[in-house]
Amino acid sequence: MNVADSRRVASALEHLDYQSVAKAEEADVIVLNTCMVRKSAEDKAIGRLTSLKALKKRKPSLVINVMGCLVGVKPSKKLYERFPFVDVFSSPSDPRPLIAHLYAQMGKHFEEIETAGRFAWLDGDIALPIEEQGQLVSAMLPVMDGCSHACTYCIIPSKRGREESRSPGEILAEARALTDQGVREITLLGQIVDRYGLDKPGYPRLDGLIRQLHAIEGLQRIRFLTSHPNWLHDDLLKTVAEYPKVMPHLEVPVQAGDDAVLMEMRRGYSADNYRALIARARAIIPGVSIGNDIIVGFPGETEEQFEKTVDLIRELRLDVMHLARYSPREGTVSATRLADDVSEEEKWRRFRVLEELQEEISLEIHQAYQDTTTEVLFEEQHRGRWKGRNPNNKLVFVESTDDLRGQILPVKIEIAGAWSLIGQAATK
Ligand code: SAH
């Protein structure tokens, strides 16, 4: 989401004839996009922001813009006081305060900023930043903002505001513009992406939107994330199964394997509901791969409850796991009402147990690719190799002196590791 938001700001700046530079020291404008989902992300953002203070001192004309979840829906007084060297604070996804500031500096007034909900010239007409034009193969496209769910641990709803779907017209125009600029794969983003359209009468649901996007010529792959177990409906699963451009990969977090913990998290489903969903997904989409998020050390999580998560993962053998150690986030229900009572050591131990288990599972899944051929969309060169992904979102590397960027080629897998596959591309 933040990658997409940052790109939106970069595009907005290029409309004002700004260009990107390699180093922060050379910049006239610095935009720091921030995440708060875990304490580690917040610490990183604040560390980086603090380091910009010296730059601003040396060059007072420098414009510093902090955006994203550190700012939230509206900047607080506390924020202004703590970081007086920041010129502009802006909410997630919103380039308007920065553009307004730069316009004001040029002595111009930008009416549209005051009136329009979004930039007409940005939405649906998004120009990629110059260095990405014709280079970017896979792009993120947010189809909705915010989140109105209330997982007790999560800060996102309070920072990104309530859930709001973007109009299908805007999304289609943006997808076409991206495709015209060389993008081959689009990943549709939403906090609960399969709730797309539910807040707006007359909008299609996600499967309908995907079928419209499917018709775009030149667009070769469509993905979406993140799903929520309660909203990943069969029509969507069927669309994935039936439409060739929609890749057979789902990101659907379970978060915990114990029902009491799931209840405290207010996720709205049980471990058995999740089991049933995975079985349904696998039945409807043969060969589907599945990614999952888990939080270890949620308040009150006992050893026994944690073991239920381990058992669930051992049973379901999902493809990918995004693991997090619980961290209390200011203002959330769990941080306010529940003691963060699992020690750091214990959180780390649980983290490693799951990490090792997933490594074993991933390796086994990947070994099945050995000596088989898989279709890879190549994105970029990485340490002398071409990097791409197969339909199941597996990272694949091949050695080649050809320019493979943006091509989909069959690759014969020769080495299968837990994190990636290495093979030889068949040239066209
Ligand atoms: N809306 C998406 C993504 C949320 S953020 C979803 O619900 O899946 C991505 C992940 O961060 C979450 O899935 C969760 O596993 C993790 N996360 C969120 N809040 C957290 C917290 N307070 N501590 C640790 N991990 C957290």
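Just follow the structure's listing: the first ligand is 1, and inside any ligand the first atom is 1.
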[atom] - nearest protein heavy atom and its distance:
atom	answer
atom 23 (N) of ligand 1	S327 N, 3.0 Å
atom 3 (C) of ligand 1	Q191 OE1, 3.6 Å
atom 19 (N) of ligand 1	Y153 CD1, 3.3 Å
atom 17 (N) of ligand 1	R38 NH1, 3.7 Å

With nothing but distance in play, are any N or O atoms of [X] less than 3.5 Å from an N or O of ligand 1?
X	answer
Y326	no
S227	no
Q255	yes
R329	no

message = Under a 4.0 angstrom heavy-atom cut-off, which atoms of ligand 1 come close to T226?
response = 8 (O)
Atoms of ligand 1 close to D293 [distance to a heavy atom under 4.0 angstrom, numbered from 1] = 9 (C), 10 (C), 12 (C), 13 (O), 15 (O)
Mode of V37 contact toward ligand 1 - side chain, backbone, both, neither (heavy atoms, under 4.0 Å) =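 The part of V37 near ligand 1 is both the backbone and the side chain.
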task = Report the part of I156 (side chain from C-beta onward, or backbone N, CA, C, O) that has a heavy atom under 4.0 Å from ligand 1; answer both or neither where that applies.
result =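 Looking at I156 and ligand 1, just side chain atoms fall under 4.0 Å.
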ask   = So, for F89 and Y80, is the gap between ring centers shorter than 6.0 Å?
value = yes
What's the spacing between [X] [atom1] and [Y] [atom2] if we round to 0.5 Å?
X	Y	atom1	atom2	value
T302	D258	OG1	CG	6.5 Å
N390	L395	CG	CG	9.5 Å
T187	N393	OG1	CG	7.5 Å
I290	H249	CD1	NE2	8.5 Å
L128	Q133	CG	CD	6.0 Å
L363	Q358	CG	CD	11.0 Å

key: R405 charged N/C atom sitting above W386 aromatic ring, 6.0 Å / 45°   =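 No, R405 does not sit over the ring of W386.
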Proximity flag P253 to ligand 1, non-hydrogen atoms under 4.0 Å =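 Contact check P253 vs ligand 1: positive.
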From the candidates [options], the one that places a heavy atom nearest [atom]:
atom	options	value
atom 26 (C) of ligand 1	N292, L323, I295	I295
atom 24 (C) of ligand 1	R160, R325, H228	R325
atom 7 (O) of ligand 1	M1, E251, R267, M265	R267

message = Testing Y196, Y243, F224 one by one against I210 for a side-chain contact (heavy atoms from CB on, under 4.5 Å), which residue passes?
response =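 The side-chain contact (heavy atoms from CB on, under 4.5 Å) with I210 is passed solely by F224 among Y196, Y243, F224.
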task = Pick out which of E301, R325, H322, M265 makes a side-chain contact (heavy atoms from CB on, under 4.5 Å) with I295.
result = M265
